[in-house]
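FYI, side chains are in, hydrogens and waters are out, and symmetry mates aren't considered; it's all heavy atoms of this structure. Given the structure is predicted, the values throughout are model-derived calculations rather than measurements.
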Number of protein chains: 2
Amino acid sequence: MTNDGTTAGAASKTDGPATGSGDIARSLELLWGTGERPSRGPKPGLTLDRIVTAAVAVADAEGLAAVSMRRLSTELGTGTMSLYRYVPGKSELLDLMFDRVLGEPFADHPGEPPADWREAVDRMARGHLDTLRRHPWLLKINQARTVLGPSALRGLELALTGLRGMGLRDPELIGVIIAVNSFVEGLARTQADEAEAVAQTGLSDEAFWDNQRPYLERAMLSGAYPMMAGMAEDTFSSDFDRFEFGLQRLIAGFDVLVRERAAERAASRT
Amino acid sequence: MTNDGTTAGAASKTDGPATGSGDIARSLELLWGTGERPSRGPKPGLTLDRIVTAAVAVADAEGLAAVSMRRLSTELGTGTMSLYRYVPGKSELLDLMFDRVLGEPFADHPGEPPADWREAVDRMARGHLDTLRRHPWLLKINQARTVLGPSALRGLELALTGLRGMGLRDPELIGVIIAVNSFVEGLARTQADEAEAVAQTGLSDEAFWDNQRPYLERAMLSGAYPMMAGMAEDTFSSDFDRFEFGLQRLIAGFDVLVRERAAERAASRT
DNA sequence: CCGAACTGGGTACACCGTACCCGATTATGA
DNA sequence: TCATAATCGGGTACGGTGTACCCAGTTCGG
């Protein structure tokens with residue numbers, strides 16, 4: 001399988017007027033295209049694949065902010081402007097990075113059976129969390145116009161297959177997927193923000209909390225926050241797995257609906 | 001953001017790079033401090049409050065990318081560097097914008113009763129979604145080290161008060177809040193990304209879809225995505241309210257746990 | 001009333017994305 | 001065979017960013 005995968009969304013700034021900013025057609029060509037090159041000029045010394053790979057590597061190692069065209073060019077040993085022979089602009093590159101990385105979870109594990117829809121949801125949530133932990137910069141990319149790359153389609157297909165057994169209507173299945181993914185992304189974002197803050201300030205979480213404590217204690221003693229002041233010691237302990245808690249609540253909530261529908265079907269069959 | 005090359009030491013004296021992202025102590029002082037000014041030099045012509053207000057206004061109107069120190073200075077009619085007399089750096093300004101805006105929902109409606117915990121969750125979710133829709137740039141700010149401003153504390157206090165009746169343990173209550181807020185943020189992010197994409201590319205969603213269609217149809221015909229190919233027409237229709245769906249599932253999931261706990265308590269009372 | 005403490009802000013630097021353009025390379029049409 | 005059109009590599013330049021550094025002007029405590 002030839003093509004690198006991908007999809008994407010646009011993300012950039014500046015209300016640049018003219019010039020082909022946001023050339024969707026070009027983006028799609030890069031995402032799905034075969035990449036047959038015209039045979040007139042000299043052979044390209046680079047490939048899109050290498051550029052995307054380098055970009056993902058830099059983003060994984062040093063964050064999305066470190067991914068600049070200049071940085072990538074030195075990483076690849078070329079001139080900065082050469083990159084623009086392969087990618088129309090940076091936002092398109094982000095699109096490609098996005099779809100590249102979305103394809104990972106399915107490349108990993110082979111086939112295996114989802115068995116139960118509960119397990120499918122569980123696996124979907126864990127898989128997504130895993131991807132986001134591996135590539136926290138995914139959370140900073142505009143996902144709006146990214147949905148339709150090959151990797152994204154493949155993921156959606158797999159998810160839907162696993163949820164088939166719920167017996168819900170199609171829009172509801174999409175609702176299930178979105179609810180789970182939204183929840184996971186929220187948690188992942190919190191974790192990613194924390195890691196980023198540690199990296200940027202050089203201050204650990206404990207040190208940060210210690211800094212806050214005097215202000216916080218004064219606030220508690222003020223009487224303005226009675227609920228918070230009366231909370232148990234272990235309330236914010238890391239022993240409590242908030243991912244597990246939320247996921248189980250979601251699954252339980254889905255289960256209620258699934259049972260309702262099953263009951264309705266049974267009733268209407270009489 | 002992007003810090004300069006200087007080390008992140010953050011020691012207050014010595015060869016002072018200092019500045020930079022994340023002087024926590026200074027941030028806290030700004031968040032909670034009384035702002036008593038020293039009485040030796042000339043009176044300040046600006047206030048922190050005016051700066052934050054202007055920043056929020058610009059962010060609301062044109063997005064977070066439009067909030068630059070130069071832009072704010074022209075907006076306020078001062079020199080760019082003057083702003084640094086009031087704020088240590090841009091990241092601290094973002095913190096202040098964050099807390100400013102978090103305070104809004106509680107300023108709006110007066111007291112009223114939450115009545116049921118279900119209603120409290122419902123109101124919490126809707127309120128958060130509302131805030132995020134009004135200020136989509138909130139989703140782009142690092143929330144990790146921002147949690148403890150006065151507005152954030154007030155919001156947490158109110159939420160906890162509303163959830164008191166669930167009869168869950170304290171860490172679980174936090175889990176409820178996080179699950180709901182994560183879900184809401186995920187949905188809000190999708191919407192915000194969409195709006196941003198439209199604004200940046202000047203391409204409506206329909207136009208975007210039309211561009212995708214040929215690629216998508218080819219993918220469907222390839223047989224690689226049987227589930228998706230067989231989906232109902234209305235699957236991605238906007239008639240289906242995914243916010244409502246997810247929220248009701250979460251509440252149902254919480255309800256299961258609440259009932260379990262109540263049953264346990266009743267049993268242990270015999 | 002002098003000087004310390006403070007405010008305002010100009011200049012400069014490093015970095016960013018990328019428009020524009022030119023020379024080198026290469027396959028094609030005559 | 002060879003001129004030429006097409007393509008690649010990449011240097012230079014522009015307008016943007018955050019902010020370090022420094023100096024001039026203002027105000028009040030001693």
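- No salt bridge links A:R133 with A:D130; every basic N to acidic carboxylate O contact stays at or beyond 4.0 Å.
- Base engagement by B:T80 is indicated by at least one non-hydrogen atom pair under 4.0 Å involving a base atom.
- Distance check: B:F243 CZ to B:T190 OG1 gives 13.0 Å after rounding to the nearest 0.5 Å.
- Both B:T78 and A:V67 lie near DNA chain C, and the one whose nearest nucleotide falls closer to the 5' end is B:T78.
- In this entry the distance linking CZ of A:R85 with P of D:dG11 reads 13 Å, nearest Å.
- Here the nucleotide nearest the side chain of A:M81, chosen from D:dT12, D:dA5, C:dG10, is D:dT12.
- In terms of phosphate contacts, B:S82 brings a side-chain nitrogen or oxygen within less than 4.0 Å of OP1 or OP2 of C:dG9.
- Following rounding to the nearest Å, A:Y84 (OH) and C:dT18 (P) show an atom-to-atom distance of 4 Å.
- Atom P of nucleotide D:dT17 and atom CG of B:L83 are separated by 13 Å, given to the nearest angstrom.
- Taking 4.0 angstrom as the limit, A:Y86 places a side-chain polar atom (N or O) nearer than this to OP1 or OP2 of D:dG9.
- Looking at B:S182 and A:R189, their side chains never bring a donor and an acceptor atom within 3.5 Å of each other.
- The distance from atom CE of B:M69 to atom P of D:dG15 is 23 Å, rounded to the nearest whole Å.
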Could you go step by step and tell me if A:L216 and B:L153 meet the side-chain contact (heavy atoms from CB on, under 4.5 Å) rule?
CA-CA 9 Å; A:L216 208 56; B:L153 279 191; 3.8 Å; yes
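- The CG-P distance, from A:L93 to C:dC16, rounds to 14 Å in whole Å.
- B:V101 is not listed as a side-chain neighbour of B:D60, based on a closest heavy-atom distance of 4.5 Å or more.
- The side chain of B:P44 approaches C:dG8 more closely than any other nucleotide in the set D:dG11, C:dG8, D:dC21.
- In this structure, B:S68 reaches the sugar-phosphate backbone alone: every heavy-atom distance under 4.0 Å involves primed, P, OP1 or OP2 atoms, never a base.
- Distance CD (B:Q200) to P (C:dG17): 15 Å, rounded to an integer number of Å.
- Contact annotation: side chain of B:R70 to base of D:dG16, donor-acceptor pair absent below 3.5 Å.
- Whole-Å rounding puts the A:K90 NZ to C:dC15 P distance at 15 Å.
- As rounded to whole Å, 5 Å separates atom P of D:dC28 from atom NZ of B:K43.
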